[in-house]
Amino acid sequence: MNKYAIWFRRAVWLGIIQDWVIGLPAIFAPVWVLETFKQRPTGDPVWTAFAGLLVFLLSLFYIPGANNPYRYSNIAILATLARPPGVLFFFLLYPGLYPTFGIIDSVLCVLQIPLLILTMLNKPKDQY
């Protein structure tokens, strides 16, 4: 695997782990997670917990594309393209409400998009 694919793998896994670090605790302690990240409390912690569950489940789908972006190129692309909507959601649709989550997705976008492009442009001939 070339150096771009290795760094892409690391960047996607960074996002997966970040999703787990926030998502798993949010399932069981949504108020605590929001307080820990200095975000405003929600009116209904059940929906926050459900959002944590969805983030965790979504991150599981990123794993094949992270581990082998050539074989699972569609998943690698979708895993990367799943980040910009989060940026738009937190910065444009609901600006100022949960900026930490928008910042996290922004950083992951800045890392993953160029690495995905470089990974796919430098695909080895013997890969799928």
Side-chain angles (χ1 to χ4, degrees):
M1 199 173 292
N2 67 49
K3 65 181 179 180
Y4 301 115
I6 291 168
W7 280 102
F8 175 74
R9 172 190 283 179
R10 291 174 181 165
V12 175
W13 268 104
L14 176 66
I16 293 167
I17 292 167
Q18 172 273 316
D19 287 344
W20 292 350
V21 166
I22 294 174
L24 283 174
I27 296 168
F28 303 102
V31 174
W32 176 82
V33 169
L34 292 175
E35 289 172 353
T36 300
F37 287 94
K38 303 202 182 334
Q39 301 300 292
R40 71 179 190 86
T42 62
D44 187 353
V46 173
W47 281 105
T48 305
F50 186 63
L53 175 64
L54 292 178
V55 165
F56 173 73
L57 293 173
L58 183 62
S59 72
L60 296 177
F61 288 101
Y62 300 163
I63 294 172
N67 286 340
N68 192 337
Y70 298 119
R71 182 172 185 179
Y72 302 103
S73 60
N74 290 337
I75 296 172
I77 292 166
L78 290 172
T80 303
L81 293 179
R83 296 293 177 185
V87 175
L88 296 174
F89 183 86
F90 290 113
F91 286 152
L92 296 180
L93 199 55
Y94 294 97
L97 294 180
Y98 296 99
T100 299
F101 302 128
I103 292 167
I104 290 169
D105 276 341
S106 295
V107 169
L108 291 169
C109 280
V110 168
L111 289 172
Q112 291 176 3
I113 291 172
L115 288 169
L116 173 68
I117 293 167
L118 291 169
T119 296
M120 295 305 164
L121 289 175
N122 292 283
K123 183 176 181 178
K125 302 257 190 266
D126 62 342
Q127 292 293 319
Y128 307 96

Any side-chain heavy atom of L118 sitting closer than 4.5 Å to one from F8?
no
A11 backbone acceptor or donor facing Q112 side chain under 3.5 Å:
yes
Transitive ILVMFWY side-chain link F28 to L54, under 4.5 Å
yes
Quick check: closest heavy atoms across C109 and P114, and the distance to 0.1 Å?
O-CD, 3.8 Å
Are I75 and V55 co-members of a hydrophobic cluster defined by side-chain heavy atoms under 4.5 Å apart?
no
Taken to the nearest 0.5 Å, the spacing of I6 CD1 from T119 OG1 works out to 9.5 Å
Tell me, do I113 and P84 make a side-chain contact under 4.5 Å, heavy atoms counted?
yes
Single-linkage hydrophobic cluster, 4.5 Å side-chain cutoff, I17 and L57 together:
yes
Evaluate the side-chain proximity of I27 to F50: yes if any heavy-atom separation is below 4.5 Å, no if none is.
no
Go through the steps for F56 and I22 under the test side-chain contact (heavy atoms from CB on, under 4.5 Å), then give the verdict.
CA-CA 9 Å; F56 173 73; I22 294 174; over 6 Å; no
May I ask you to test the D44-T48 pair for a side-chain heavy-atom distance under 4.5 Å?
no
Please name the pair of heavy atoms, one in R40 and one in L34, separated by the smallest distance, quoted to 0.1 Å.
O-CD1, 3.7 Å
Which distance, rounded to the nearest 0.5 Å, do you find between the CG of L121 and the OH of Y4?
9.5 Å
Common cluster, F61/I16, ILVMFWY with side-chain heavy-atom separation under 4.5 Å
no
I'd like to know if the side chain of T42 pairs up with that of W47 as donor and acceptor (distance under 3.5 Å, no hydrogens or angles considered).
no
N2 side chain to Y70 side chain, donor-acceptor N/O pair below 3.5 angstrom:
yes
To the closest 0.5 Å, what do you measure between CG (L58) and CG (L53)?
11.0 Å
Which residues satisfy the salt bridge (charged side-chain N to carboxylate O under 4.0 Å, His left out) test with R83, sequence neighbours excluded?
D19, D105
Do L14 and L108 come within less than 4.5 Å of each other through their side chains, counting heavy atoms only?
yes
Does R10 qualify as a cation-pi partner of W7, given the criterion of NZ or CZ under 6.0 Å from the six-membered ring centre and within 45 degrees of its axis?
yes
Could you tell me which non-hydrogen atom of V31 sits nearest to which non-hydrogen atom of P45, and how far apart they are?
CG2-CB, 4.0 Å
What I'd like to find out is whether the side chain of Y62 reaches to under 4.5 Å of the side chain of N67, using heavy atoms alone.
no
For the residue pair F101 and F90, does the interplanar ring angle fall in the parallel (under 30°), tilted (30 to 60°) or perpendicular (over 60°) class?
tilted
Is the closest side-chain heavy-atom distance between Q18 and S59 below 4.5 Å?
no
Do L60 and L78 sit in the same hydrophobic cluster, where Ile, Leu, Val, Met, Phe, Trp and Tyr count as joined when their side-chain heavy atoms come under 4.5 Å apart?
no
For P69, does its backbone N or O pair with a side-chain atom of S73 as donor and acceptor, under 3.5 Å?
no
Contact summary for Y72 and P64, nearest pair of heavy atoms:
CD1-O, 3.4 Å
Check S106 against F91 and note the closest heavy-atom contact, atom names and distance.
OG-CE1, 3.2 Å
